Trainee: 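Sending over a structure as structure tokens; questions will come in a sec.
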Amino acid sequence: MSSVKMMNITTEDGRLIPEDEFARLLDYANQSQAIEDLRFQKCELPPTVSASTISSEMKSKNFKVSWITTGHRLNLHDRTWQIDDMDTIRASCGLGVPISKQCSSHMHTLQIHLLTVASQNNIPITLISLRDSYRAVDATTGSIILQSGVMLPRLTSLGRLSIVASGRELTEEDVNGLINYSSQCSKLNLFRCSCPKNLPVSLLQDPLISGKLKVLWYPYGPNKQCYTLDPASGRWVR
């Protein structure tokens with residue numbers, strides 16, 4: 001292992017790595033001497049890290065611990081998760097950001113921190129996919145409320161928004177709120193849910209009417225039967 005400088009750990013989506021296991025992985029990487037960069041993907045990491053987990057040796061050689069899924073890295077001195085550099089943000093947002101119901105509010109908070117910084121710096125966010133994590137749209141702020149209670153603010157650099165709402169019946173208020181939230185996007189996809197047969201034309205947003213935003217409904221999931229919302233009639237058409 002003398003030539004290895006980076007170690008990548010990828011787990012099944014949303015798997016929680018408890019602090020004791022996380023500490024053992026850090027110790028293993030540190031003991032190898034050759035590893036300088038430890039990266040975690042798809043998993044969920046501890047929100048707090050005890051002082052005993054970070055050795056003085058790791059601090060002295062500026063060992064890097066990255067949580068790729070959230071675009072954050074561990075500050076070895078104060079043991080907090082902090083946003084990584086702009087290149088990491090660009091890479092994460094370019095691939096698309098899935099926000100899953102199975103993940104904790106801590107992970108949702110870090111993901112939204114990443115997205116907010118990207119939007120503030122005009123970094124394109126290719127896609128946000130809410131995987132059974134959508135609860136509602138806040139009528140006052142226009143932000144999306146996640147099932148965890150964390151708020152997803154409107155993001156001006158967002159390209160596409162996908163909502164997976166397995167078995168759920170979205171209301172007129174839900175659909176109109178999501179259209180309003182997606183007004184800067186090119187596409188809004190609704191998967192595995194029921195939608196109102198008709199929407200009042202008067203409620204449909206300008207981007208939808210102008211053709212900038214397309215709203216697609218896939219009742220049975222991706223790559224299956226698809227309907228497009230017609231802004232002229234407020235109906236779904238094939």
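Quick caveat, the model's predicted, so the values are computed rather than measured.
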Trainee: After noting the C-alpha distance and the side-chain angles of T69 and M107, does the key distance pass the side-chain contact (heavy atoms from CB on, under 4.5 Å) rule?
Mentor: CA-CA 9 Å; T69 311; M107 185 167 175; 3.3 Å; yes
Trainee: Nearest 0.5 Å, please: how far is CD1 in I99 from NE2 in H108?
Mentor: 6.5 Å
Trainee: Starting from L178, can I reach Y218 by hopping between I/L/V/M/F/W/Y residues whose side chains sit under 4.5 Å apart?
Mentor: no
Trainee: Do E21 side-chain atoms and L16 backbone N/O form a donor-acceptor pair below 3.5 Å?
Mentor: no
Trainee: Please answer: with hydrophobic residues joined when any side-chain heavy atoms are less than 4.5 Å apart, are Y28 and L76 in the same cluster?
Mentor: yes
Trainee: Do T53 and R79 touch side chain to side chain, with heavy atoms closer than 4.5 Å?
Mentor: no
Trainee: Quick check against the 3.5 Å criterion: does E44 have a side-chain atom that pairs as donor or acceptor with the backbone of S104?
Mentor: yes
Trainee: Could you state the interatomic distance from CG (L152) to CG (L146), rounded to the nearest 0.5 Å?
Mentor: 6.0 Å
Trainee: Charged N to carboxylate O below 4.0 Å: is that the case for R24 and D27?
Mentor: no
Trainee: So does S50 get a backbone contact from the side chain of E19, meaning a donor-acceptor N/O pair under 3.5 Å?
Mentor: yes
Trainee: Taking the side chain as every heavy atom from C-beta outward, state whether H77 and K59 have any atom pair closer than 4.5 Å.
Mentor: yes
Trainee: Is there a donor-acceptor pair under 3.5 Å between the side chain of R168 and the backbone N or O of R135?
Mentor: yes
Trainee: Side chains of D132 and Q147: is there a donor and an acceptor less than 3.5 Å apart?
Mentor: no
Trainee: Can you tell me how far apart OG1 (T10) and CD1 (I68) are? Round to the nearest 0.5 Å.
Mentor: 9.0 Å
Trainee: How close do L130 and L161 get, heavy atom to heavy atom, and via which atoms?
Mentor: CG-CD1, 4.4 Å
Trainee: Could you tell me if the side chain of L74 sits less than 4.5 Å from the side chain of W81, heavy atoms only?
Mentor: yes
Trainee: Taking atom types as modelled and ignoring hydrogens, do the side chains of E173 and T171 form a donor-acceptor contact shorter than 3.5 angstrom?
Mentor: no
Trainee: Less than 4.5 Å apart, any side-chain heavy atom of R160 and any of S186?
Mentor: yes
Trainee: Any side-chain heavy atom of F40 within less than 4.5 Å of one from V65?
Mentor: yes
Trainee: Does some side-chain heavy atom of T141 sit less than 4.5 Å from a side-chain heavy atom of R154?
Mentor: no
Trainee: Test side-chain hydrogen bond (donor to acceptor under 3.5 Å, both in side chains) on Q102 and S100 and set out the steps.
Mentor: CA-CA 5 Å; Q102 283 72 33; S100 174; 2.6 Å; yes
Trainee: Does I128 belong to the same Ile/Leu/Val/Met/Phe/Trp/Tyr cluster as I145, with side-chain heavy atoms less than 4.5 Å apart forming each link?
Mentor: no
Trainee: Show, in sequence, the C-alpha distance, side-chain angles and deciding distance for S66 and D37, and conclude whether the side-chain contact (heavy atoms from CB on, under 4.5 Å) test is met.
Mentor: CA-CA 8 Å; S66 301; D37 187 354; 4.0 Å; yes
Trainee: Nearest heavy-atom pair of P196 and W236: which atoms, and what distance?
Mentor: O-NE1, 2.9 Å
Trainee: For L95, does its backbone N or O pair with a side-chain atom of T126 as donor and acceptor, under 3.5 Å?
Mentor: no
Trainee: Apply the test side-chain contact (heavy atoms from CB on, under 4.5 Å) to residues L213 and I179: give CA-CA distance (whole Å), side-chain angles for both, the deciding distance (0.1 Å), then the verdict.
Mentor: CA-CA 8 Å; L213 172 67; I179 291 173; 4.1 Å; yes
Trainee: Linking I/L/V/M/F/W/Y whenever their side-chain heavy atoms sit closer than 4.5 Å, directly or via other members, would L127 and V117 fall into one cluster?
Mentor: no
Trainee: Closest heavy-atom contact between P124 and C93?
Mentor: O-CB, 3.5 Å
Trainee: Using a 3.5 Å distance criterion without hydrogens, assess whether the side chain of S183 forms a donor-acceptor pair with backbone atoms of N180.
Mentor: yes
Trainee: Measure the CG-OH distance between L216 and Y227 for me, rounded to the nearest 0.5 Å.
Mentor: 13.0 Å
Trainee: Any non-hydrogen side-chain atom of S166 less than 4.5 Å from a side-chain atom of R131?
Mentor: no
Trainee: Rounded to the nearest 0.5 Å, what separates atom CD in Q41 from atom OG1 in T70?
Mentor: 11.0 Å
Trainee: Compare every heavy atom of S119 with every heavy atom of S157, then report the nearest pair and how far apart it is.
Mentor: OG-CA, 3.3 Å
Trainee: So, the side chain of Y181 versus the backbone of P153: is there a donor-acceptor pair under 3.5 Å, distance only?
Mentor: yes
Trainee: Any donor-acceptor pair under 3.5 Å linking the side chain of S182 with the backbone of C185?
Mentor: no
Trainee: For the side chain of N121 and the backbone of I123, is there at least one donor-acceptor N/O pair under 3.5 Å apart?
Mentor: no
Trainee: Is atom CD of Q225 surrounded by more than 12 heavy atoms (other residues, nucleotides or ligands) closer than 6.0 Å?
Mentor: yes
Trainee: Would you say W217's side chain and C193's backbone share a donor-acceptor pair under 3.5 angstrom?
Mentor: yes
Trainee: When you compare the side chain of D84 with that of K64, does any pair of heavy atoms fall below 4.5 Å?
Mentor: yes
Trainee: What do you reckon, is CG of D78 surrounded by more than 12 foreign heavy atoms closer than 6.0 Å?
Mentor: yes
Trainee: At their closest point, which heavy atom of H72 faces which heavy atom of L114, and how far apart are they?
Mentor: CE1-N, 4.2 Å
Trainee: Please find the pair of heavy atoms, one from A29 and one from L38, that lie closest to each other, and give the distance.
Mentor: CB-CD2, 4.2 Å
Trainee: Kindly work out whether a path of hydrophobic side-chain contacts (I/L/V/M/F/W/Y, heavy atoms less than 4.5 Å apart) joins V164 to L188.
Mentor: no
Trainee: Rounded at 0.5 Å granularity, tell me how far CG in L190 sits from CG in L170.
Mentor: 6.0 Å
